[in-house]
Participant: 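Quick one: the structure is below, questions incoming.
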Amino acid sequence: MIGNIAHQWRQPLSVITTSVSALSLKEELKILEPDDIKETNETVKKMAEFLNNTIENFRNFFQKDQPKKDFIIAQTIDSTLEIIKASYDNHFIVLNKDLDNTIEYFGSENFLAQVLLNILSNAKDAFIENQIENKKVNLKLFKEKNIIKIVIQDNAGGIKDENIDKIFDPYFTTKHKSQGTGLGLYMSTQIINKHFNGTLSVSNVINEEKELGASFLIEIPTENN
């Protein structure tokens, strides 16, 4: 999560630094225009507001008491993607969406967002670990009968056969201890099961380009509403 915040902050901080440096340089060269200070001030204020909003969004994201409400799942997905967008862009990961914008649900959207963010972050780590060049994640939201389905599929090389049945176990991880405790996917299954009466599963799949990857499937019954 700290990594995602860092990626979100990197660009606006760079804009602030560049703007102030340019202002100082113009002053040294005696080419400062009357509107330069005003324009720089507006840029810095705008970027500072963005940084503040980022912190507020992350703080609300992890509140223990998550209120239940009606929400559009596609909008929750888009909000979650905004959190990880900078990190994905930084690692040149292309994310394709196919979302049904009409699907509503009554529950805690932040809990669902936490699960999505965990899966998307794991995909990013798999791309880096396996040194994948053409990185792609496909995210699909649709409904079949009374089941809401969210599919997150990558082309990061898939999960080893000896690990695929263990990845939802508590404390199981293939990462270095500095990268996590192995509780992310376990907690995700608990959230989907306990708060949405649904299931979270995974399988290895080969996409149209004959690339191997992992496909996570979230299934949530609509009658839970």
Side-chain angles (χ1 to χ4, degrees), residues 1 4-5 7-8 53-88 93-126 136-154 156 159 164 167-170 180 182-205 207 213-225:
M1 182 55 68
N4 284 320
I5 295 175
H7 284 299
Q8 289 287 92
N53 289 338
T54 300
I55 288 297
E56 286 300 311
N57 289 340
F58 277 94
R59 187 178 69 166
N60 295 334
F61 193 77
F62 283 110
Q63 286 180 347
K64 285 186 176 181
D65 298 324
Q66 299 289 355
K68 291 185 177 182
K69 63 178 183 179
D70 288 308
F71 64 94
I72 305 294
I73 294 182
Q75 293 177 0
T76 302
I77 292 175
D78 285 334
S79 297
T80 307
L81 296 181
E82 281 298 313
I83 292 176
I84 204 169
K85 181 182 185 300
S87 181
Y88 264 45
I93 302 171
V94 176
L95 197 147
N96 302 306
K97 297 184 299 180
D98 181 9
L99 308 180
D100 183 339
N101 295 309
T102 66
I103 300 176
E104 294 186 50
Y105 191 82
F106 179 79
S108 170
E109 62 176 333
N110 272 6
F111 274 136
L112 180 59
Q114 287 178 33
V115 173
L116 296 171
L117 184 62
N118 184 61
I119 296 171
L120 291 167
S121 296
N122 283 345
K124 180 202 69 177
D125 293 340
K136 290 180 294 185
V137 172
N138 295 321
L139 198 158
K140 187 174 183 180
L141 165 67
F142 59 102
K143 186 163 65 174
E144 283 185 351
K145 297 182 179 179
N146 294 324
I147 302 295
I148 299 168
K149 297 187 177 184
I150 303 173
V151 179
I152 303 174
Q153 180 179 328
D154 61 52
I159 303 168
I164 199 165
I167 65 168
F168 295 118
D169 293 348
L183 282 172
L185 287 175
Y186 170 72
M187 292 303 298
S188 294
T189 59
Q190 296 298 302
I191 288 172
I192 294 299
N193 180 258
K194 294 180 179 180
H195 295 279
F196 295 91
N197 196 31
T199 59
L200 171 61
S201 58
V202 67
S203 60
N204 285 326
V205 295
N207 63 18
S215 180
F216 285 85
L217 172 62
I218 299 171
E219 295 183 290
I220 301 171
T222 56
E223 61 263 24
N224 200 41
N225 283 268

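No experiment lies behind these values; they were computed from the predicted model shown. All values below were derived from every heavy atom in this structure, side-chain atoms included, with hydrogens, water molecules and symmetry-related copies excluded. Along the sequence shown, the residues carry numbers beginning at 1.
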Participant: When you compare the side chain of Leu112 with that of Ile192, does any pair of heavy atoms fall below 4.5 Å?
Facilitator: yes
Participant: What pair of heavy atoms forms the shortest contact from Thr80 to Ala113, and how long is it?
Facilitator: OG1-CB, 3.3 Å
Participant: Donor-acceptor pair, distance only, cut-off 3.5 Å: does the side chain of Thr189 make one with the backbone of Tyr186?
Facilitator: yes
Participant: Please examine the side chains of Pro221 and Asn146, heavy atoms only from C-beta on, and report whether any two atoms are closer than 4.5 Å.
Facilitator: no
Participant: Can you tell me how far the CD1 atom of Ile73 sits from the CD1 atom of Ile103, to the nearest 0.5 Å?
Facilitator: 6.0 Å
Participant: How about Leu116 and Ile218: do any of their side-chain heavy atoms sit closer than 4.5 Å?
Facilitator: yes
Participant: Does Ile167 reach the side chain of Phe216, with side-chain heavy atoms less than 4.5 Å apart?
Facilitator: yes
Participant: Closer than 3.5 angstrom, by distance alone: can the side chain of Asp154 be matched with the main-chain N or O of Gly213 as a donor-acceptor pair?
Facilitator: no
Participant: To the nearest 0.5 Å, what is the distance between CG on Leu217 and CG on Leu200?
Facilitator: 8.0 Å
Participant: Any chance you could measure Ser201, atom OG, to Phe168, atom CZ, to the nearest 0.5 Å?
Facilitator: 6.5 Å
Participant: Are side-chain heavy atoms of Leu120 and Leu95 found at a separation under 4.5 Å?
Facilitator: yes
Participant: Any side-chain heavy atom of Leu99 within less than 4.5 Å of one from Asp78?
Facilitator: yes
Participant: Mind listing the closest non-hydrogen atom pair of Val202 and Ala214 along with its distance?
Facilitator: CG2-CB, 4.3 Å
Participant: Return the minimal non-hydrogen interatomic distance between Ala74 and Leu141, and the atom names on each side.
Facilitator: N-CD2, 3.7 Å
Participant: Please identify each residue that fulfils salt bridge (Lys or Arg N to Asp or Glu O under 4.0 Å) with Lys69, with sequence neighbours left out.
Facilitator: Glu109
Participant: So do Asp98 and Asn138 actually touch side chain to side chain, heavy atoms under 4.5 Å?
Facilitator: no
Participant: Could you check whether the rings of Tyr105 and Phe196 sit parallel, tilted or perpendicular, using 30° and 60° as the cut-offs?
Facilitator: tilted
Participant: To the nearest 0.5 Å, tell me how far Phe111 CZ sits from Ser188 OG.
Facilitator: 11.5 Å
Participant: Atom CZ of Phe142 and atom CD1 of Ile148: how far apart are they, to the nearest 0.5 Å?
Facilitator: 11.5 Å
Participant: Give me each pair satisfying salt bridge (Lys or Arg N to Asp or Glu O under 4.0 Å) with a member in residues 137-153, each pair once, sequence neighbours excluded.
Facilitator: Glu144-Lys149, Lys149-Glu219
Participant: Roughly how far, to the nearest 0.5 Å, is NZ of Lys194 from CE of Met187?
Facilitator: 7.5 Å
Participant: Quick one about Ser108 and Asn110 (side-chain donor to acceptor, distance below 3.5 Å, no hydrogens or angles considered), yes or no?
Facilitator: no
